[in-house]
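Only one structure is covered here, and it is reproduced in the block below.
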There are 2 protein chains.
Amino acid sequence: MPVSLDRTDKALLNALQGNARLTVAELADRVALTTSPCWRRVRHLEESGVISGYQAILSPKALGYGVTAFVSIMMESHTQEIARAFEQRLLAIPEIVACHNVSGRYDFLLEVVAKDLESFGEFAREVLQTLPCVKEIYSSFSYKSVRPLRVMSLPG
Amino acid sequence: MPVSLDRTDKALLNALQGNARLTVAELADRVALTTSPCWRRVRHLEESGVISGYQAILSPKALGYGVTAFVSIMMESHTQEIARAFEQRLLAIPEIVACHNVSGRYDFLLEVVAKDLESFGEFAREVLQTLPCVKEIYSSFSYKSVRPLRVMSLPG
DNA sequence: GGTGAAAGCGAGGACCA
DNA sequence: TGGTCCTCGCTTTCACC
């Protein structure tokens with residue numbers, strides 16, 4: 001599944017991670033190519049699945065979400081069906097921004113946004129705690145996002 | 001800081017979170033507008049900071065990163081300078097995809113990618129453990145990303 | 001808030017080295 | 001692979017409702 005990338009591809013990916021709206025002409029400039037080969041490379045990166053999509057990044061603050069929390073959830077049991085059903089429930093909750101099934105002491109790690117601490121408390125009590133088969137919940141709040149943009153740097 | 005959004009704005013944001021490359025014409029279609037007002041709305045969302053940017057999303061798998069780990073780090077001390085310096089160190093490490101300063105038992109929560117478990121182990125030992133003032137590290141591995149795309153759903 | 005139209009530019013393809 | 005040129009359609013910005 002890994003795709004081999006040369007220096008130019010990596011430069012393209014780094015640029016597009018910073019700004020997905022760059023025109024092919026601007027991209028071509030940055031990697032010292034003309035538009036055609038540049039465009040072909042980008043298309044190849046898309047088709048090979050290296051670029052899985054383009055996303056507008058929203059500011060939680062501007063949307064009124066002052067609190068970002070990381071919530072670890074321990075399940076009471078670990079059967080396939082329970083996990084699958086649980087994941088479906090999680091997907092339907094809009095406050096959950098990201099969600100991983102993880103190893104270790106807890107089974108799920110969620111990233112949750114809320115208006116403020118109070119409304120997070122309400123959310124935890126009324127939504128998370130009432131999910132079936134939840135044994136334990138641990139919440140940790142983000143004081144600050146050290147790396148505001150999720151980026152996979154590709155040195156190269 | 002919160003900006004008030006009507007139904008149409010939310011629809012635009014939901015659409016752009018799914019695909020930042022949608023043309024204004026396509027967007028206008030989806031929200032039953034013509035291109036001009038649609039374009040004005042998008043620009044307003046950008047200028048008001050609701051849309052903080054546009055990003056190409058890369059596939060860790062396609063880049064050869066088979067392992068995603070969440071690493072919790074406990075510091076030995078908590079002064080401003082130490083935290084600041086520590087954060088600078090973290091920012092320079094390309095394997096770290098995301099990073100938050102958090103409350104609770106641990107002080108930092110990192111999301112890290114690695115080729116495989118073995119190379120993660122090496123990374124943890126040789127890079128993370130050798131950072132100054134680290135007291136304790138706890139790693140948890142992602143079996144599966146339940147929500148592949150980070151999205152803030154905006155119902156309404 | 002909304003429409004329609006005009007100008008300019010970028011995407012995407014055909015073709016060559 | 002990379003480069004040149006060409007065309008269609010979209011973006012962007014008018015003036016106006």
Side-chain angles (χ1 to χ4, degrees), chain A residues 1-59 61-64 149 151-156, chain B residues 1-59 61-64 149 151-156:
Chain A
M1 188 138 191
V3 177
S4 79
L5 305 171
D6 63 16
R7 201 149 306 189
T8 305
D9 290 321
K10 288 177 184 171
L12 289 173
L13 292 174
N14 284 329
L16 286 171
Q17 279 187 105
N19 182 2
R21 282 283 178 106
L22 288 174
T23 64
V24 176
E26 284 164 328
L27 273 174
D29 246 32
R30 298 197 186 191
V31 300
L33 240 55
T34 50
T35 61
S36 277
C38 180
W39 182 82
R40 280 199 296 255
R41 276 171 182 266
V42 173
R43 183 154 62 93
H44 182 246
L45 291 169
E46 291 168 356
E47 285 170 353
S48 63
V50 174
I51 297 176
S52 61
Y54 299 93
Q55 189 177 24
I57 306 301
L58 308 189
S59 157
K61 289 259 162 59
L63 290 168
L149 208 54
V151 170
M152 306 183 62
S153 312
L154 303 170
Chain B
M1 189 139 190
V3 177
S4 78
L5 305 171
D6 63 16
R7 201 149 305 190
T8 305
D9 289 322
K10 289 177 183 171
L12 289 173
L13 293 174
N14 284 329
L16 285 171
Q17 280 188 100
N19 182 1
R21 281 284 178 106
L22 287 175
T23 65
V24 176
E26 284 164 326
L27 273 175
D29 245 32
R30 297 198 187 190
V31 300
L33 240 55
T34 49
T35 61
S36 282
C38 181
W39 184 83
R40 279 201 297 254
R41 277 171 182 267
V42 172
R43 182 154 61 91
H44 182 246
L45 291 169
E46 290 168 357
E47 284 170 355
S48 64
V50 174
I51 297 175
S52 62
Y54 298 92
Q55 191 177 23
I57 306 301
L58 309 189
S59 157
K61 290 259 164 59
L63 290 167
L149 208 54
V151 170
M152 307 184 61
S153 311
L154 303 171

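Labels below follow one simple rule: chain letters A, B, ... track the order of the sequence lines, proteins then strands, and each chain is numbered from 1.
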Query raised in the report: Could you go step by step and tell me if L27(B) and T35(B) meet the side-chain contact (heavy atoms from CB on, under 4.5 Å) rule?
Result: CA-CA 8 Å; L27(B) 273 175; T35(B) 61; over 6 Å; no
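- L5(A) has its CG atom 16 Å from the C1' atom of dT1(D), to the nearest Å.
- Residue S36(A) is in base contact, counting any heavy-atom pair closer than 4.0 Å across all strands shown.
- Going from atom CH2 of W39(B) over to atom P of dT13(D) covers 4 Å, rounded to whole Å.
- Between R43(B) atom CZ and dC14(D) atom C1' the separation is 12 Å, expressed in whole Å.
- Rounded to whole Å, atom P of dA11(C) lies 19 Å from atom NE2 of H44(A).
- Of the residues near DNA chain D, R40(B) and C38(A), the one whose nearest nucleotide (by heavy atom distance) lies more toward the 5' end is C38(A).
- Taking atom OH of residue Y54(A) and atom P of nucleotide dA11(C), one finds them 11 Å apart after rounding to whole Å.
- Rounded to whole Å, the distance from CG on D9(A) to C1' on dG2(D) is 13 Å.
- The side chain of P37(A) sits closest to dT4(D) out of dG2(C), dC10(D), dT4(D).
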Report task. Could you please spell out the steps behind the side-chain contact (heavy atoms from CB on, under 4.5 Å) verdict for Y54(A) and E46(A)? Result -> CA-CA 10 Å; Y54(A) 299 93; E46(A) 291 168 356; 2.6 Å; yes
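- Heavy atoms of R41(A) sit under 4.0 angstrom from primed sugar atoms or phosphate atoms, though from no base atom.
- Between T23(A) and the phosphate of dG10(C), there is no side-chain N or O to OP1/OP2 separation shorter than 4.0 Å.
- Looking at E47(B) and R43(B), a side-chain N of the basic residue comes within less than 4.0 Å of a carboxylate O on the acidic one, giving a salt bridge.
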Query raised in the report: Could you walk me through whether L154(A) and D9(A) pass the side-chain contact (heavy atoms from CB on, under 4.5 Å) check?
Result: CA-CA 10 Å; L154(A) 303 170; D9(A) 290 321; over 6 Å; no
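- Atoms CZ (R7(A)) and P (dG2(D)) sit 14 Å apart, rounded to a whole Å.
- Rounded to whole angstrom, the span from the CG atom of L33(A) across to the C1' atom of dA17(C) amounts to 15 Å.
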